[in-house]
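Counting starts at 1 for both ligands and their atoms, in listed order. Owing to the predicted nature of the structure, the values given are computational and were not obtained by experimental measurement. FYI, the numbering just counts along the sequence from 1.
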Amino acid sequence: MPQRLMIDMIKLRDAMVNNPDQALPEGLFYPSLNSNGLKTIRELATFRFTCRNCEDAPCIAVCPTEALEKDADSLVIRHTNLCVSCKSCVTICPFGTMMTDFFIHHRNRDLFYDLSDDGEAQKFIDVCPEGTVYMTVDDESPEKNIYRLNDRILIREYLYKTETK
Ligand code: SF4
Ligand code: SF4
């Protein structure tokens, strides 16, 4: 049965709150899965699953460099080449969607792990706060707040849902 990497965004957020000075390790893929610069898995997961997709998104309006926009699926994306890490979008988001360390440039590259490499993925698991990232044979399971980011990554996160009735 194929193993997937589970990234528990709920526990990661708790870990950050409990230890705000800790720099979280980041998982990403080389080459990047997206064509818009290297994006960490946390950023991709946040805009996919945590963001409320505000209609008149204040984060987009406030960005001084027009680095944010919505893609064809109405997901917010960040153009890394335009972002100047001012964090205005983090501050103005009414839902606290983004973790405060998302857009810091010049971070320690030793904290970045290529998840397309099994050895690096294991190192990533080892250095993440205990219980936040692990291998699993589980699959997407909305009743457990588990969603598929891609074929290899599962994300545990509370989804925002709007009533359609
Ligand atoms: S942190 Fe980047 S994306 Fe956010 S408002 Fe500033 S420039 Fe725009
Ligand atoms: S303001 Fe926050 S919740 Fe709204 S679109 Fe931007 S990131 Fe998403």
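Here OG1 of T136 is found 7.0 Å from CD1 of I146. Values are rounded to the nearest 0.5 Å.
Atoms of ligand 1 found under 4.0 Å from any heavy atom of T65, numbered from 1 in the order shown, are 7 (S). Proximity to C86 (heavy-atom distance under 4.0 Å) selects the following atoms of ligand 1: 1 (S), 5 (S), 6 (Fe), 7 (S). For ligand 2, the atoms sitting less than 4.0 Å from at least one non-hydrogen atom of P94 are 1 (S), numbered in the order shown with element in parentheses. In the vicinity of K87, heavy-atom distances shorter than 4.0 Å reach the ligand 1 atoms 1 (S), 6 (Fe).
The shell of residues lying under 4.0 angstrom from ligand 1, judged by heavy atoms, includes V84.
Using a distance-only test at 3.5 Å, with no hydrogens or angles considered, no donor-acceptor pair links the side chain of D73 to the main chain of L75. A donor-acceptor pair under 3.5 Å is formed between the side chain of N18 and the backbone N or O of D14. The backbone N or O of C128 sits nowhere less than 3.5 Å from a side-chain atom of T132 that would complete a donor-acceptor pair. Under a 3.5 Å cut-off, the side chain of T91 and the backbone N or O of K87 do form a donor-acceptor pair.
Among residue pairs with one or both ends in residues 51-68, none qualify as side-chain hydrogen bond (donor to acceptor under 3.5 Å, both in side chains); sequence neighbours excluded.
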Under 3.5 Å, side-chain donor or acceptor atoms of residues 4-13 against the rest of the protein: list the pairs with distances, not counting sequence neighbours.
unit_1	atom_1	unit_2	atom_2	d
R4	NE	D151	O	3.0
R4	NH1	D138	O	3.4
D8	OD1	I10	N	3.0
D8	OD1	K11	N	2.9
D8	OD1	R156	NH1	3.1
D8	OD2	R156	NH1	2.7
R13	NH2	E157	OE1	3.3
R13	NH2	E157	OE2	2.3

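Around OH of Y158, the count of heavy atoms belonging to other residues, nucleotides or ligands within 6.0 Å does not exceed 12.
Neighbouring protein atoms of atom 6 (Fe) of ligand 2 (N, O or S, distance under 2.8 Å, waters ignored): C59 SG.
Nearest protein neighbour of atom 7 (S) of ligand 2, counting heavy atoms only, is M98 CE, 3.7 Å.
With sequence neighbours excluded, no residue forms a side chain to side chain donor-acceptor pair (under 3.5 Å) with D71.
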